[in-house]
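Following: one structure in structure tokens, then a few remarks.
Nothing here was measured: the structure is a model prediction, and the numbers come from that model. In listed order, ligands and their atoms are each counted from 1.
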Amino acid sequence: MVGPLDGIAGAPGVVVAVALVLEQGKGSVPRRSILSHEKDAELARFREAVEEAQLQIGEVHGRVADTLPEEHLKILEAYQSMLGDPTLAQAVQDEVVVKGRNAEWAVEVAVQDILRQFDALDDPYLRERRHDVEFVGERLMRALVAAQPLPTAPKLATQTTPLARPIRRATPPLGVIVQAPTVVVARDLSPADTAAMMRDPIVGFVTEVGTRTSHTSIMARALEIPAVVGVSGVVGHVRTGDLVVVDGLRGQVWVRPTPDVTAKARARAERFVSRNQVLRSRHREPAALACGTRISLLANVELPSEATLALEHGAEGIGLYRTEFLYIDRKELPTEDEQYELYRTIAQLAAPRPVTLRTFDLGNDKLATKVPVPDEANPALGTRAVRLALREPELFLVQLRAMARAAAHGDVKVMIPMVSHLDEVRAVRRLMDRALAELAAEGKPHRRPSLGVMIEVPSAAVCADLFAREAEFFSLGTNDLVQYALAADRGSHELARLASSFDPSILRLVRMTVKAAVDGNIPVSVCGAMASDPLAAVLLVGMGVRSLSMEAAAIVEIKEAIRRFSLEECEALATECRALATASEVEMALAESIAPRLSDMLGADDMTIPPPQAW
Ligand code: PEP
Ligand code: MG
């Protein structure tokens with residue numbers, strides 16, 4: 001047994017299942033110089049591997065054709081044609097025939113050569129496709145190395161616990177055929193991989209990189225799949241087919257666990273599942289503190305299909321719709337009509353509840369083919385989100401027009417990400433005015449949506465009183481606020497301890513923002529991951545927040561957490577915490593004063609939910 005390996009609890013739940021290691025370590029490629037008479041056989045092996053990989057991707061395409069959006073299907077089709085690309089075939093042939101290398105070695109060299117050519121190019125579309133070349137190379141290599149279909153997880157269904165959150169399951173990463181419930185173990189998972197994981201039977205994720213606020217964790221929580229991220233060196237400890245325990249409550253992983261560890265993990269998984277069933281059965285109950293004070297719980301949504309799920313979980317609206325996913329991994333920009341249809345559908349689905357559409361937060365790690373981003377040394381501090389939108393006003397206008405048209409069908413609000421200067425709010429407002437004037441002139445139905453800002457850059461929090469005069473609402477993006485205030489990359493597990501949302505600087509920035517909103521008489525909510533952490537949620541309520549937006553699956557849990565405290569208790573806790581000097585002191589105070597009442601939510605073994613309180 002290896003473990004426990006410590007990581008970060010990325011998405012809650014406990015699962016015991018076999019592993020599928022997505023990245024083989026370097027050196028696993030068998031390299032062999034071949035004799036002349038072997039050349040034809042090696043070329044034939046290559047051709048068979050191409051066919052096999054194409055076939056398997058085709059099978060995945062067939063299975064998901066009805067459920068995945070068009071753009072994801074197009075990626076699968078692109079992978080199939082990349083596999084059959086004559087440039088790749090020629091390069092492999094040269095390696096085999098001229099240099100006398102075996103097929104695996106030839107593929108490795110050919111793919112590396114193509115990647116080098118991609119690196120030398122400036123075109124953002126091609127840069128984005130680099131990942132796809134790597135992916136295709138890996139599929140091909142697996143087909144060759146295994147001399148059998150892509151790695152299939154052994155049929156060990158009987159060794160698998162029930163899914164931690166049974167109502168949604170994941171699809172295998174593109175092109176991988178998985179037969180049994182499987183835990184994907186990888187160094188990292190790309191947005192393309194994670195966004196496509198929506199079907200059976202992926203039941204857990206383990207990655208070497210990432211934090212609770214990194215993309216993989218956000219997606220895993222949205223998909224309701226237990227995940228542990230930031231587990232250093234885990235890929236080196238696991239082989240495909242090993243049994244693993246993923247404890248997404250405590251952030252721990254065991255490889256080839258002993259029967260005792262397995263039994264305990266299964267018991268925890270079962271307790272978690274039944275606890276969730278109880279919580280879910282209460283999803284219609286109001287979100288309120290023990291004293292009756294109402295707290296509004298809304299959902300964060302990345303993909304259109306999540307909106308329905310969110311409302312089923314009892315969300316009182318969509319507090320954050322991350323529209324940038326509409327632009328990622330596609331060759332053409334989404335048109336105004338396409339965006340309008342989508343936003344309108346969501347607005348109608350949610351009505352009369354509100355929907356907050358965030359204008360695209362592209363740039364940094366979320367790149368779109370058709371939206372050029374300058375080459376920058378520090379993309380997280382670069383031309384991202386509203387900065388990119390204002391650099392491309394015509395393109396941005398298309399989105400604003402679509403949003404204004406959708407606003408005619410429901411309570412639609414528009415939110416601007418990564419605002420750091422008031423000038424940006426003014427510029428967006430001018431563009432929105434132009435969009436409204438154009439729509440009026442064209443006779444297209446529309447309505448002015450309220451325009452709010454994300455407070456996720458310290459300058460905006462510090463000047464929140466000034467922003468409150470011109471923004472119609474605030475939403476605190478604590479994921480980025482923590483990253484920028486503490487100068488700690490939100491994806492770096494090395495810095496995860498530094499990047500604490502309980503740091504006094506963050507509590508002060510949150511408090512300043514809430515006060516400015518209250519004084520300026522505008523609504524304020526929190527949509528960063530702080531909102532879905534039970535301890536932080538109680539603290540935020542104590543700091544004056546009355547609206548929290550989070551991944552759909554967390555809503556029932558946060559509802560349960562807040563109902564155990566009165567407003568007086570929350571406020572006393574916030575006063576106590578605001579006087580403390582370090583994040584650890586705050587965490588300690590929370591651990592002493594409120595954690596015992598939330599132990600069933602914080603990874604403790606006792607997951608019994610107390611009966612509902614009356615108020
Ligand atoms: C945030 O930064 O807290 C946020 C909600 O936005 P995102 O995670 O999409 O950057
Ligand atoms: Mg953000």
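Among all non-hydrogen protein atoms, the one lying nearest atom 6 (O) of ligand 1 is Arg358 NH1, 3.0 Å. Given atom 7 (P) of ligand 1, the protein heavy atom at minimum distance is Arg322 NH2, 3.5 Å.
Geometry about the Mg ion (ligand 2) gives an angle of 100° between OD2 of Asp480 and OE1 of Glu456, rounded in steps of 10 degrees.
A donor-acceptor contact under 3.5 angstrom links the side chains of Glu376 and Thr383, judged on distance only. A donor-acceptor contact closer than 3.5 angstrom is absent between the side chains of Glu551 and His313.
The residue Glu302 has no part lying near ligand 1, judged by heavy-atom distances below 4.0 Å. Within the 4.0 Å heavy-atom criterion, neither part of Met418 lies near ligand 1. With a 4.0 Å heavy-atom cut-off, ligand 1 is reached by no atom of Leu476.
The nearest non-hydrogen atom to atom 5 (C) of ligand 1, considering only Ala531, Cys527, Ser214, comes from Cys527.
Relative to the ring axis of Phe325, Arg322 does not place its NZ or CZ within 45° and under 6.0 Å from the centre.
Atoms of ligand 1 found under 4.0 Å from any heavy atom of Met454, numbered from 1 in the order shown, are 4 (C), 5 (C), 6 (O). Listed by atom number, the atoms of ligand 1 under 4.0 Å from Arg384 heavy atoms are 10 (O). Near Leu320, meaning under 4.0 Å from any of its heavy atoms, are these atoms of ligand 1: 5 (C). Close approach of ligand 1 to Gly477 is summarised as follows: ligand atoms under 4.0 Å from at least one heavy atom of the residue are 1 (C), 2 (O), 3 (O).
A salt bridge does not link Asp337 with Arg401: every distance from a Lys NZ or Arg NE/NH1/NH2 to an Asp or Glu carboxylate oxygen is 4.0 Å or more. A salt bridge does not link Asp433 to Arg429: none of the charged side-chain nitrogens sits closer than 4.0 Å to a carboxylate oxygen. Ion pair Arg353/Glu316 not flagged as a salt bridge, since none of the NZ, NE, NH1 or NH2 atoms sits closer than 4.0 Å to an Asp/Glu carboxylate oxygen. Checked for salt-bridge contact, Glu587 and Arg497 meet the test: a charged N lies under 4.0 Å from a carboxylate O. In summary, Asp480 and Arg384 engage in a salt bridge, as defined by a charged side-chain N under 4.0 Å from a carboxylate O.
Using a 4.0 angstrom heavy-atom cutoff, Arg490 counts as in contact with ligand 1.
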